[in-house]
Amino acid sequence: MTMRMHPSTHGPDHERTGKASDRGSPGALAGKRLHFVGVGGCGMSGLARIARQEGAVASGSDRSGSPATTALMAEGVDVSLNQSGDALPQGLDTLVVSAAIPPDHGEVQAAQSQGVEVVKYAQMLGRLMGGRRGVAIAGTHGKSTTTSLLCHILLACGIDPSFIVGAHCEQIGGGARVGASDLLLAEACEYDRSFHHLRPTHAAVLNLEADHLDYYANLEEIVESFAQFARLIPGHGSLLMHHESPHRLAVTAGLDAQVQTIGFSPQADWRVECLASGGWDLGGGRISDRRGVRLYHAGKPVAAWRSPMPGEHMDYNAAVAAVLAHRFGADWLDIADAVEGFRGLDRRMQHVGYADAERSVSVIDDYGHHPTEVDTTLRALRLHYQPERLICVFQPHQHSRTRFLLDQFAVSFAAADVVLVPEIYFVRDSEQDRHSVTATDLVNRLRASGVHAAHVDPLEALGDHLSAMVRPGDLVVTMGAGDVWTVARTLVDRAGGAQASQVA
């Protein structure tokens with residue numbers, strides 16, 4: 001299927017392995033007692049599993065039971081739904097807290113009063129990476145998709161990594177896995193500078209834009225934070241960097257690690273070529289019948305595959321995953337087969353189903369909550385589906401993000417015919433932030449930009465509104481990092497529309 005090329009597995013395009021002593025010693029947590037607050041979360045449950053593999057005695061707590069907590073208990077992890085602090089296990093060495101746990105949480109205060117060490121999720125993830133080949137995927141956009149796709153490729157190619165992904169991907173068993181190899185893959189989030197706690201041997205920076213301006217003062221501070229993250233990579237490691245990023249040199253300057261770039265430019269070390277539908281040669285006498293990607297290294301084609309998801313941004317994410325998988329020993333042909341078989345993950349252009357029994361109104365759900373994500377996703381969906389109307393239900397995520405990026409949001413919905421905006425999802429912001437901007441402010445800016453927009457709230461009312469307005473040929477997209485996904489599910493369930501496949 002792909003153009004078969006066989007660079008030496010000991011050449012510069014494959015991993016340069018360091019000494020075992022450089023990577024730390026496995027089993028450092030053996031015999032330690034760890035308690036995970038918020039253990040039902042995807043990342044925290046994955047940490048608990050990997051810590052148990054290291055020999056730790058793991059327990060956890062959460063506000064309510066879930067399939068994740070049930071699975072952990074079946075595996076021997078003691079999970080409590082009492083988070084008051086009086087039920088904290090005795091003899092703890094470390095309390096691990098998720099990013100959502102406030103300092104005044106009952107278990108945190110109880111642990112501090114007992115002299116128990118309290119660490120954040122990213123700190124414990126960094127410790128676990130210290131004994132493995134850590135692989136960290138960073139960037140403003142695309143981390144979950146790229147990490148999930150890389151995990152899928154490696155599993156399909158017989159390489160068994162451990163991983164923690166911040167989204168559910170059914171194809172790889174959820175969002176976490178304890179594998180047999182020494183690879184540990186994870187997303188690297190820049191918020192709170194949490195990725196500075198990681199200890200990656202290999203990393204990728206997918207892109208870099210202004211975001212989390214409730215935490216960072218400006219873009220310059222964000223760039224420096226990414227540069228500090230890159231400096232964590234050891235000399236025997238590698239960094240794969242977005243070639244077209246205007247901040248590439250600032251991030252990669254002075255690194256001892258091997259640095260390569262990837263992008264659409266002919267000057268990139270790895271060039272991604274997006275090919276139109278129909279008639280292009282995959283190699284081996286096969287002709288593609290849909291959009292695809294051809295990947296070049298040093299000007300020479302090394303692989304090609306049919307695109308599993310709409311949009312050039314998804315083609316780019318797949319290419320990053322492919323390059324990293326090859327770096328870890330996967331064959332190009334096997335990589336291409338795995339990419340083509342990827343079915344996506346929850347809330348990333350996920351085709352939820354149909355809003356009518358005739359299956360004429362498709363319903364998509366997406367996690368996009370930054371202007372660039374909104375613009376890129378809507379354009380990709382319009383090109384792929386070519387609907388009569390594209391109706392977007394956008395739930396802004398955080399008042400601070402909405403206020404800081406209001407001008408960008410105002411022009412990011414150009415590909416939509418109708419935009420419905422519920423109230424802003426309130427998380428992490430102060431009360432001052434909460435009163436600084438409203439959903440109506442965004443709607444007014446959209447209308448001024450020529451977009452047909454309306455403020456509709458609460459979410460329950462959106463289901464009624466959409467049911468009354470959709471017509472055959474429409475495409476409905478729910479977008480946002482909050483609970484707007486419930487609107488898509490309700491719309492499909494209410495209409496009796498058939499459930500659809502995972503991706504568009």
Side-chain angles (χ1 to χ4, degrees), residues 12-16 134-147 149-150 186-191 193-196 198 200-213 215-274 293-300 302 311-327 370-373 375-376 405 408:
D13 302 326
H14 282 257
E15 179 181 354
R16 297 187 291 176
V135 182
I137 309 299
T140 311
H141 323 291
K143 294 185 290 294
S144 294
T145 298
T146 305
T147 307
L149 186 46
L150 175 57
E187 297 176 43
C189 180
E190 70 273 21
Y191 180 74
R193 292 182 169 84
S194 62
F195 61 175
H196 293 174
L198 305 185
T201 305
H202 304 279
V205 175
L206 301 174
N207 38 61
L208 199 168
E209 287 194 77
D211 198 8
H212 302 302
L213 293 173
Y215 180 79
Y216 291 103
N218 48 46
L219 179 58
E220 289 72 22
E221 207 172 88
I222 297 172
V223 173
E224 173 52 33
S225 186
F226 271 84
Q228 187 172 339
F229 163 73
R231 290 194 288 270
L232 297 172
I233 306 169
H236 62 269
S238 69
L239 173 65
L240 187 62
M241 178 79 192
H242 181 209
H243 183 87
E244 287 86 1
S245 172
H247 313 291
R248 170 169 58 87
L249 297 181
V251 172
T252 60
L255 296 185
D256 294 328
Q258 178 195 52
V259 177
Q260 293 186 328
T261 67
I262 184 168
F264 300 101
S265 168
Q267 286 75 42
D269 295 313
W270 298 89
R271 180 168 72 89
V272 184
E273 181 186 17
C274 299
V293 172
R294 185 176 286 123
L295 180 64
Y296 296 79
H297 180 47
K300 298 179 180 180
V302 293
E312 291 186 358
H313 64 302
M314 290 298 184
D315 294 342
Y316 168 78
N317 293 339
V320 171
V323 171
L324 291 175
H326 180 66
R327 183 160 292 169
H370 184 280
T372 298
E373 296 166 347
D375 177 73
T376 302
L405 302 177
Q408 296 179 41

Return the set of residues passing side chain to side chain contact (heavy atoms under 4.5 Å, CB included) with [X] (not counting sequence neighbours), or none when no residue passes.
X    : result
T376 : H313, T372
A230 : L239, V251, L255
A318 : L149, W305, V339

Check: [Y] and [X] side chains under 4.5 Å, non-hydrogen atoms:
X    : Y    : result
T147 : V135 : no
Q260 : R327 : yes
T145 : M314 : yes

Would you call the rings of Y316 and F264 parallel, tilted or perpendicular, where under 30° means parallel and over 60° means perpendicular? tilted
Between F195 and F229, what is the ring plane arrangement, given parallel below 30°, perpendicular above 60°, and tilted in between?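 Aromatic pair F195/F229 classed parallel.
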What closest approach, in Å, do [X] and [Y] show between heavy atoms, and which atom pair accounts for it?
X    : Y    : value
A250 : A227 : O-CB, 3.7 Å
H141 : L206 : O-CD1, 3.4 Å
S238 : I233 : N-CG2, 3.7 Å
H243 : S265 : CD2-CB, 3.7 Å
P234 : P200 : CD-O, 3.2 Å
N207 : H242 : CA-ND1, 4.0 Å

If you measure only the distance, is there a donor-acceptor pair under 3.5 Å linking the side chains of H196 and S225?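 Yes - a donor-acceptor pair under 3.5 Å links their side chains.
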Quick check: does any side chain N or O of [X] sit under 3.5 Å from a backbone N or O of [Y], one acting as donor and the other as acceptor?
X    : Y    : result
E373 : H370 : yes
H202 : L240 : no
D269 : T261 : yes
N317 : T146 : no

Pairs where residues 245-254 contributes a residue and the test side chain to side chain donor-acceptor pair (under 3.5 Å) is met, not counting sequence neighbours: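 Every candidate side chain to side chain donor-acceptor pair (under 3.5 Å) pair involving residues 245-254 fails, so no pair, neighbours aside, qualifies.
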From L295 CG over to R271 CZ, what is the distance, rounded to the nearest 0.5 angstrom?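 It is 9.5 Å, given to the nearest 0.5 Å.
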Give, for atom NZ of K143 and atom CD1 of I137, the distance between the pair rounded to the nearest 0.5 Å.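 Going from the NZ atom of K143 to the CD1 atom of I137 covers 10.5 Å.
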Could I get the full list of salt bridge (charged side-chain N to carboxylate O under 4.0 Å, His left out) partners for R193, not counting sequence neighbours? E221
Applying salt bridge (Lys or Arg N to Asp or Glu O under 4.0 Å) as the test, list every pair that has at least one member in residues 230-243; sequence neighbours left out. E224-R231
